[in-house]
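Remember, it's 1-based here, ligands and their atoms both numbered in the order they're listed.
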Amino acid sequence: MTELQTKRDLATAGKVPAMRLEHLSKTYPGNPTPAVDDLSIDVFEGEIITLLGPSGCGKSTTLRMVAGLEVPDSGSIYFGEKPVVISDQGFRLPPDKRELGMVFQSYAIWPHMTVEENVAFPLKSKKMQKAEISERVDAILELVGLPGMQKRPGPLLSGGQQQRVALARALVTEPKVLLLDEPFSNLDAKLREQMRIEVKLLQRRLNIAVLFVTHDQVEALSLSDSIALMNYGVIQQQGEPRILYEEPANEFVRDFVGKTVLFKGSVRDANPSGVLSISIEGAPNCVVFGHGYDPDGFKSGQSVFIGVRPEDVEILPAGGDELAPGMVVGVVEAALFVGERIEYQVKVHEQHTMIVYGERHVPIEDGGKVWLRLRPEGHSAWPSDWAVPVSALVESD
Ligand SMILES: Nc1ncnc2c1ncn2[C@@H]1O[C@H](COP(=O)(O)OP(=O)(O)OP(=O)(O)O)[C@@H](O)[C@H]1O
Ligand SMILES: [Mg+2]
């Protein structure tokens with residue numbers, strides 16, 4: 001799929017983004033490398049765009065520049081047609097004039113106020129009528145799962161409840177632009193899932209633009225219209241969640257978004273479209289297809305690593321001494337029951353030991369001979385002289 005054919009591109013063609021970040025860079029004094037390096041992102045009305053990446057990659061710095069809490073060294077920010085920052089011209093709208101909602105990474109509510117006072121605060125400063133304030137506060141507290149908590153003092157709330165008060169306070173003015181920095185990090189797993197759905201529904205209803213920060217890939221994949229995956233202040237790839245998962249631009253993206261099982265293999269045919277047919281080493285009858293990731297292109301016979309998502313490998317008890325076509329043979333070294341599935345450590349013939357997921361209803365004992373069946377297509381091929389990530393291998397031969 002080319003960039004221009006994505007659903008998002010079609011849906012947003014000709015529209016002005018609700019939030020436009022252009023070539024933003026920021027280096028903190030005393031730091032040798034930029035926290036954010038030439039970052040550009042568009043967020044349209046009704047979209048959730050997620051900044052995803054490891055700790056320290058520059059996610060919060062980006063959000064803080066949008067909110068006006070950090071000054072970019074260079075670049076521009078616009079909300080719709082309205083300029084917010086134009087570094088070249090030394091123009092910066094003060095934070096309180098940006099009209100955005102924000103929930104910080106560390107939930108910050110005012111401890112000397114009740115829940116109601118916290119949430120009502122932004123409305124009071126807008127000089128809204130008392131009755132309307134009360135109505136809005138009640139509605140938003142209901143929405144974030146804190147009904148009846150109006151009079152509770154801030155310090156008498158759990159961490160998760162404080163975070164929800166912060167979310168309610170950010171949403172109560174119904175801003176066009178909402179910045180969320182790990183807003184669910186203090187919530188338990190069930191509540192996180194519920195809040196994700198609630199935020200998504202609310203965001204659809206209000207049709208606002210949300211720039212969301214998380215280092216949790218499941219959260220990013222499930223919530224976002226588009227993900228910008230960052231590392232060392234630089235966007236590594238931006239696109240619809242499925243594209244990052246199925247067509248990672250580089251090894252960092254491949255290994256950050258989801259898990260990968262790596263097989264050794266060699267290219268049979270290199271098609272100009274980038275799709276390769278690949279033989280798996282030690283399994284002469286197993287040929288699969290995948291996207292090639294090498295800027296220099298692949299040649300027939302070239303050794304490669306083939307990246308396979310764990311759910312694209314099926315593990316079966318071996319059917320006999322003759323290896324069936326399309327199968328790779330292995331032996332289970334360890335079987336770990338983890339609830340919804342069994343994780344097998346499998347020593348694959350002429351390959352590394354790897355982790356493969358199996359159904360919990362068909363358990364295979366330690367030492368059991370297995371056949372691995374790979375989906376015929378949709379894999380990825382990587383030059384074999386690139387570093388093999390530790391996470392992809394259990395041990396080497
Ligand atoms: N006020 C500051 N002064 C100096 N360096 C800073 C400051 N704030 C952040 N940094 C550095 O800038 C880089 C980016 O930090 P940032 O807070 O944006 O990361 P992050 O992606 O939000 O990480 P996390 O997931 O841990 O919240 C880090 O290397 C961090 O140490
Ligand atoms: Mg952060």
Is the distance from the Mg ion (ligand 2) to the nearest N/O/S atom of Ser60 under 2.8 Å?
yes
When you check the side-chain N and O atoms of Asp181 and Ser60, is any donor under 3.5 Å from an acceptor?
yes
For Val66, is there any backbone N or O sitting under 3.5 Å from a side-chain donor or acceptor partner on Arg98?
yes
Gln203 (side chain) donor-acceptor with Ile208 (main chain) under 3.5 angstrom:
yes
If you count the atoms of ligand 1 from 1 in the order shown, which ones are under 4.0 Å from a heavy atom of [X]?
X	value
Gly58	14 (C), 18 (O), 19 (O), 20 (P), 21 (O)
Ala35	12 (O), 13 (C), 14 (C)
Thr61	14 (C), 15 (O), 16 (P), 18 (O)

Any salt bridge linking Lys130 with Glu132? Criterion: basic side-chain nitrogen under 4.0 Å from a carboxylate oxygen.
no
Work out whether the distance between some heavy atom of Cys57 and some atom of ligand 1 is less than 4.0 Å.
yes
Just heavy atoms, cut-off under 4.0 Å: does Asn31 contact ligand 1 by side chain, backbone, both, or neither?
side chain
Ala270 versus Phe298, closest heavy-atom pair with distance
CB-O, 3.4 Å
CA sep, side-chain torsions, deciding dist, call: Tyr293, Trp382, ring pair (Phe, Tyr, Trp, His ring centres under 6.0 Å)
CA-CA 5 Å; Tyr293 291 88; Trp382 307 80; 4.4 Å; yes
On a heavy-atom basis, I'd like to know which of Ser55, Pro34, Gly56 is closest to atom 29 (O) of ligand 1.
Gly56
Would you mind finding which of Lys26, Lys59, His215 brings a heavy atom closest to atom 25 (O) of ligand 1?
Lys59
